[in-house]
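Down below is the structure, laid out as structure tokens.
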Amino acid sequence: MSSTKHFRIDDETKRLAMQAAERVNLSLTELMCQRAVELADEERCHQNHEHDILLEQQITQAFERHNSDHGEYISHEEVTSHMDKLRERAQHGKL
């Protein structure tokens with residue numbers, strides 16, 4: 001899917017931008033589209049980096065809880081039983 005974006009710039013900026021586009025054998029529209037894609041790629045990297053930092057913080061917190069001996073640990077069987085009960089309640093609309 002694509003869309004159109006209109007924006008206003010002063011005449012001098014437009015003239016210089018058109019010269020820059022001509023220098024690389026592109027129209028101003030093509031060059032601006034390339035720049036928009038580059039900006040979007042930079043934002044994706046930024047957002048992914050923020051997600052990585054959040055994930056690292058959550059992992060660190062989990063290990064700190066584990067190492068502090070304040071965690072509560074239950075067996076696989078207990079988890080399975082608890083999940084089965086929750087699933088049954090959910091199927092009956094009681095969650």
Side-chain angles (χ1 to χ4, degrees):
M1 174 188 228
S2 65
S3 63
T4 302
K5 178 67 182 157
H6 298 277
F7 57 93
R8 295 193 181 280
I9 55 175
D10 63 79
D11 291 336
E12 177 67 3
T13 301
K14 180 180 177 183
R15 183 183 69 75
L16 291 170
M18 289 177 74
Q19 286 178 349
E22 288 174 7
R23 198 177 35 204
V24 292
N25 297 320
L26 294 172
S27 70
L28 182 54
T29 299
E30 292 168 324
L31 184 60
M32 296 311 296
C33 287
Q34 274 185 2
R35 294 290 171 95
V37 168
E38 290 168 3
L39 284 171
D41 289 343
E42 287 175 20
E43 183 60 20
R44 275 187 206 93
C45 287
H46 174 73
Q47 289 178 5
N48 287 339
H49 180 68
E50 283 185 340
H51 175 71
D52 290 346
I53 290 171
L54 178 61
L55 185 58
E56 285 179 22
Q57 289 171 343
Q58 291 172 335
I59 291 169
T60 299
Q61 289 171 355
F63 275 109
E64 286 172 356
R65 282 193 307 273
H66 176 270
N67 294 335
S68 71
D69 293 329
H70 287 96
E72 180 182 338
Y73 302 97
I74 58 176
S75 70
H76 176 74
E77 292 78 19
E78 289 174 296
V79 170
T80 302
S81 173
H82 182 69
M83 290 304 296
D84 289 343
K85 290 175 187 173
L86 286 175
R87 195 174 295 112
E88 187 176 326
R89 288 178 57 201
Q91 287 174 344
H92 292 94
K94 296 181 180 178
L95 261 186

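If you're wondering where the values come from, they're calculated on a predicted model, not measured in any experiment.
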Does a sphere of radius 6.0 Å around CG in Asp10 hold more than 12 heavy atoms from other residues, nucleotides or ligands, not counting ones at 6.0 Å or beyond? yes

Quick note, side-chain hydrogen bond (donor to acceptor under 3.5 Å, both in side chains) partners involving residues 86-95, not counting sequence neighbours, are Asp84-Arg87

Can you give the donor-acceptor pairs under 3.5 Å from side chains of residues 48-57 to other protein atoms, not counting sequence neighbours?
| unit_1 | atom_1 | unit_2 | atom_2 | d |
| --- | --- | --- | --- | --- |
| Asn48 | ND2 | Arg44 | O | 3.3 |
| Glu50 | OE2 | His46 | NE2 | 3.1 |

Student check: side-chain heavy atoms of Arg23 and Gln19 closer than 4.5 Å: no

Could you walk me through whether Glu38 and Arg35 satisfy the side chain to side chain contact (heavy atoms under 4.5 Å, CB included) test, starting with their C-alpha distance in whole Å, then the side-chain angles of each, then the deciding distance to 0.1 Å, before giving a yes or no? CA-CA 5 Å; Glu38 290 168 3; Arg35 294 290 171 95; 3.4 Å; yes

Determine, step by step, whether Leu39 and Glu42 satisfy the side chain to side chain contact (heavy atoms under 4.5 Å, CB included) criterion, reporting the C-alpha distance in whole Å, the side-chain angles of both residues, the deciding distance to 0.1 Å, and the verdict. CA-CA 5 Å; Leu39 284 171; Glu42 287 175 20; 4.2 Å; yes

When rounded to the nearest 0.5 angstrom, what is the spacing between CZ in Arg15 and CD1 in Ile9? 11.5 Å

Residues which pass ring pair (Phe, Tyr, Trp, His ring centres under 6.0 Å) with Tyr73, listed by chain and number, not counting sequence neighbours: His66

Should Met18 and Met32 be counted in the same cluster of Ile, Leu, Val, Met, Phe, Trp and Tyr side chains packed under 4.5 Å apart? yes

In the single-linkage hydrophobic clustering (I, L, V, M, F, W, Y; side-chain heavy atoms under 4.5 Å), do Val24 and Leu28 co-cluster? no

